[in-house]
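Please read all numbers here as calculations on a predicted model, not as lab measurements.
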Amino acid sequence: MTEKELADMIKAEEKRLKLHGPEFMQRHREIMETADRMRRENKKRLCQTCTLTKASNP
């Protein structure tokens, strides 16, 4: 595959996905917000587990 063919394929895929279009960007924001929320919740759970572990092992 030549560089031009690869570039054309990438351009076609960007067009198919409507990259940078409003729907694509909205969905991207939703996914990133969900990932951030999951990280915060997981971090909170880990902190609670650490506190419980430290409290039970003086």
Side-chain angles (χ1 to χ4, degrees):
M1 178 176 283
T2 67
E3 286 189 34
K4 182 178 180 343
E5 289 172 327
L6 181 59
D8 290 344
M9 187 174 71
I10 290 169
K11 187 176 254 185
E13 189 65 7
E14 289 176 347
K15 186 176 181 178
R16 184 185 72 81
L17 293 172
K18 298 177 184 172
L19 200 62
H20 305 296
E23 294 95 3
F24 183 91
M25 297 308 292
Q26 176 60 34
R27 185 65 183 136
H28 173 73
R29 277 190 295 277
E30 291 169 359
I31 291 168
M32 293 297 104
E33 289 168 2
T34 299
D36 289 340
R37 181 178 45 78
M38 291 172 73
R39 269 191 223 105
R40 284 191 307 271
E41 290 172 2
N42 191 40
K43 185 176 180 180
K44 186 186 295 185
R45 280 192 213 106
L46 287 174
C47 289
Q48 290 171 348
T49 302
C50 290
T51 303
L52 291 174
T53 304
K54 288 178 185 176
S56 63
N57 291 326

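For the pair Met25/Arg29, a side-chain contact is recorded, criterion being any heavy-atom separation below 4.5 Å from C-beta on.
More than 12 non-hydrogen atoms from other residues, nucleotides or ligands lie less than 6.0 angstrom from CE of Met32.
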Can you give each donor-acceptor pair under 3.5 Å made by side-chain atoms of residues 4-11, sequence neighbours left out, with the distance rounded to 0.1 Å?
from : atom 1 : to   : atom 2 : distance (Å)
Lys4 : NZ     : Asp8 : OD2    : 2.9
Glu5 : OE1    : Thr2 : N      : 2.8
Glu5 : OE1    : Thr2 : OG1    : 3.4

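Between Arg40 atom CZ and Lys43 atom NZ the span is 10.5 Å, to the nearest 0.5 Å. Rounded to the nearest 0.5 Å, atoms CD (Glu23) and NE2 (His28) are 15.0 Å apart.
A pairwise comparison of heavy atoms in Leu17 and Phe24 identifies O-CD1, 3.6 Å as the closest pair.
The pair Glu41-Arg37 meets the salt-bridge criterion, with a side-chain N (NZ, NE, NH1 or NH2) lying under 4.0 Å from an Asp/Glu carboxylate O.
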